[in-house]
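First the structure, in the form of structure tokens, and then the observations on it.
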Amino acid sequence: MKVGKIKGAVGVVEKWLKRYIDRQRMDGKDPRTRVGLLSGNVGVLSNLALFIVKLTAGWLAGSVSIMADAMNSLSDSASSVLTLLGFHFASKPPDKEHPYGYERSEYISGLLVSVVILFVGYEFLMSSINRILNPEPLTTSPLIFGLLAVSVGAKVAQGYFYKHSAALIKSRAIEATSQDSFNDVYTTLIVLAASILERFTGWTIDGYAGVLIALYILYSGVQLIRGAIDDLLGSRPNEEELSEIAQRLDAYSSIVGYHDLLVHNYGPTNAFATVHIEIDDSWSLTEAHELIDAIEKEFNEEMGIQLVCHIDPIAIQSEEHTTIYRQIKNILQSHQLNLKFHDFRIEESPNQSIIHFDVVVPDNVTLTDAELFHSIQGQTRNTIGNYELDITFDRVYLLK
């Protein structure tokens with residue numbers, strides 16, 4: 001019955017959020033910013049209330065672990081303030097000084113939140129160690145247990161609210177806050193279990209429970225810092241996004257291939273990308289332009305990615321070039337290193353013909369570029385003839 005009630009409440013929250021977003025759109029407001037600000041306000045108020053509840057319970061019980069959990073809620077409230085600031089600055093439009101906008105402010109606020117979490121974790125690790133060295137009995141009562149139970153229920157509700165908010169506006173920051181709320185549920189349950197155990201056994205384990213919570217807070221802070229730094233530095237797109245990009249490009253049967261995909265994120269919804277598109281070199285400039293326009297328009301409308309395509313003409317109509325292309329492919333496959341190549345072209349001249357191409361080298365290959373070149377050149381001369389090779393080795397993480 002209780003599970004059914006929880007699911008019903010979750011459904012109500014989800015429907016309310018969807019209606020809220022629809023109202024913002026009708027009023028001509030940015031729904032993503034409005035939901036972000038709403039989530040921040042909910043976080044500030046609810047976490048302050050939880051801080052007061054837990055602090056009262058910790059003061060009545062004289063429990064350092066409960067107080068540590070209370071300070072964790074206070075840090076969550078401070079985090080919500082930073083989230084509010086992040087969404088506020090992220091909503092500013094691009095200007096002369098920042099032509100790509102301010103959406104990365106959300107990442108900066110996430111980094112600041114992580115630093116706050118680390119500070120709180122360190123302070124209460126020291127307090128918990130001191131309690132272990134100087135143990136004191138707890139004062140427990142049904143009121144204290146009731147206060148902690150209320151805080152667990154509030155954190156569950158808060159976690160589901162954040163979870164659906166993050167899903168609707170695709171916010172990694174709020175998604176992380178949602179996970180943090182659910183993690184706080186487990187933290188408070190540990191405190192509750194330690195308090196109950198000490199009440200009925202007399203074991204002074206409050207300090208040890210505090211150490212566990214403090215270590216968890218420190219671990220969460222480090223993980224959040226890593227994520228924020230990855231976002232600020234620029235990280236590889238997730239596999240789901242790469243898969244969707246590949247599916248959309250593969251759907252264009254008129255292109256020969258594609259490579260050198262690079263995605264640059266200037267915020268959660270502000271993505272730019274470049275990719276090299278290989279096309280038949282017999283196409284006219286107008287045909288090529290129309291195809292590229294169609295691809296760029298699709299990515300902008302369907303994925304929100306500002307894509308720029310670079311054209312690489314491939315001589316697929318030339319039987320001689322096609323034969324050499326296949327021979328080069330076989331040579332690379334013979335190395336059994338998962339080598340892939342692109343930008344293939346042959347420069348014909350009376351004195352010496354040159355084969356140009358790029359080779360993508362996986363990160364687990366230990367051979368140097370010079371060693372690979374020497375091996376490929378030797379096999380080319382034995383198999384194809386006296387061609388000069390011009391090879392560019394790419395040791396980067398690309399889609400294809």
Side-chain angles (χ1 to χ4, degrees), residues 21 30-44 47 72 75-121 158-159 161-184 217-242 244-245 261-274 303-307 396-397:
I21 289 176
D30 177 15
R32 190 177 192 282
T33 299
R34 304 299 295 182
V35 170
L37 294 175
L38 173 66
S39 298
N41 284 317
V42 168
V44 171
N47 284 315
N72 187 32
S75 72
D76 287 344
S77 187
S79 301
S80 296
V81 172
L82 293 173
T83 299
L84 278 170
L85 292 174
F87 272 96
H88 171 72
F89 286 109
S91 64
K92 294 178 62 177
D95 54 33
K96 184 178 180 180
E97 288 75 23
H98 302 88
Y100 296 102
Y102 290 81
E103 283 196 14
R104 282 185 175 174
S105 300
E106 191 175 326
Y107 302 153
I108 296 173
S109 68
L111 182 60
L112 295 175
V113 167
S114 306
V115 173
V116 171
I117 291 174
L118 279 182
F119 175 76
V120 170
Q158 187 187 77
F161 175 79
Y162 285 144
K163 181 179 179 180
H164 289 293
S165 297
L168 288 172
I169 65 173
K170 297 180 180 179
S171 169
R172 290 185 182 180
I174 299 180
E175 183 180 353
T177 306
S178 168
Q179 186 59 53
D180 185 47
S181 295
F182 287 122
N183 291 340
D184 286 347
I217 293 172
L218 288 170
Y219 172 78
S220 298
V222 170
Q223 293 300 108
L224 290 171
I225 283 178
R226 289 180 59 186
I229 290 176
D230 283 344
D231 286 332
L232 287 169
L233 291 178
S235 57
R236 174 185 173 91
N238 60 58
E239 294 303 321
E240 182 180 347
E241 186 176 17
L242 287 176
E244 183 176 355
I245 291 173
L261 171 69
L262 298 174
V263 181
H264 315 272
N265 288 307
Y266 291 89
T269 65
N270 197 13
F272 294 79
T274 59
M303 295 188 68
I305 296 177
Q306 300 288 331
L307 181 66
V396 291
Y397 297 97

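Because only heavy atoms are used, hydrogens play no part in the values below, and waters and symmetry mates are left out as well, while side chains stay in.
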Handout entry: Minimum side-chain heavy-atom gap His98-Asp95 below 4.5 Å
Key = yes
Practice task
Check side chain to side chain contact (heavy atoms under 4.5 Å, CB included) between Leu118 and all other residues, then give those that pass, not counting sequence neighbours.
Solution key: Leu218, Val222, Ile225
Handout entry: Side-chain heavy-atom pair Phe161, Leu38 within 4.5 angstrom cut-off
Key = yes
Handout entry: side chain to side chain contact (heavy atoms under 4.5 Å, CB included) involving Ser181 - partner list, sequence neighbours excluded
Key = Lys155, Gln158, Tyr162
Practice task
Specify the closest pair of heavy atoms between Tyr102 and Pro93, including all atoms of both residues, with the distance to one decimal.
Solution key: CE1-O, 3.5 Å
Completion exercise
Hits for side-chain hydrogen bond (donor to acceptor under 3.5 Å, both in side chains) against Glu103, two or more places apart or cross-chain, chain-then-number order -> Thr269
Fill in the blank from the handout: In terms of heavy-atom contacts, Arg104 and Asn265 come closest through NH2-O, 2.6 Å
Exercise for the section: Using side-chain hydrogen bond (donor to acceptor under 3.5 Å, both in side chains) as the criterion, list what pairs up with Tyr266, not counting sequence neighbours. Expected result: none
Exercise for the section: Flag yes if more than 12 heavy atoms outside Phe272 fall under 6.0 Å of its CZ atom; otherwise flag no. Expected result: yes
Practice task
Give, for atom OH of Tyr107 and atom CG of Leu233, the distance between the pair rounded to the nearest 0.5 Å.
Solution key: 12.0 Å
Exercise for the section: Quick one: pull up CG in Asp231 and CG in Leu111 and give me the separation to the nearest 0.5 Å. Expected result: 10.0 Å
Exercise for the section: Looking only at non-hydrogen atoms, find the nearest pair between Pro94 and Pro99 and report the distance. Expected result: CB-O, 3.5 Å
Handout entry: ring pair (Phe, Tyr, Trp, His ring centres under 6.0 Å) against His264, all qualifying residues, sequence neighbours excluded
Key = none
Completion exercise
With sequence neighbours left out, the residues meeting side-chain hydrogen bond (donor to acceptor under 3.5 Å, both in side chains) with Gln223 are none
Completion exercise
In terms of heavy-atom contacts, Ala273 and Ile305 come closest through CB-CG2, 3.6 Å
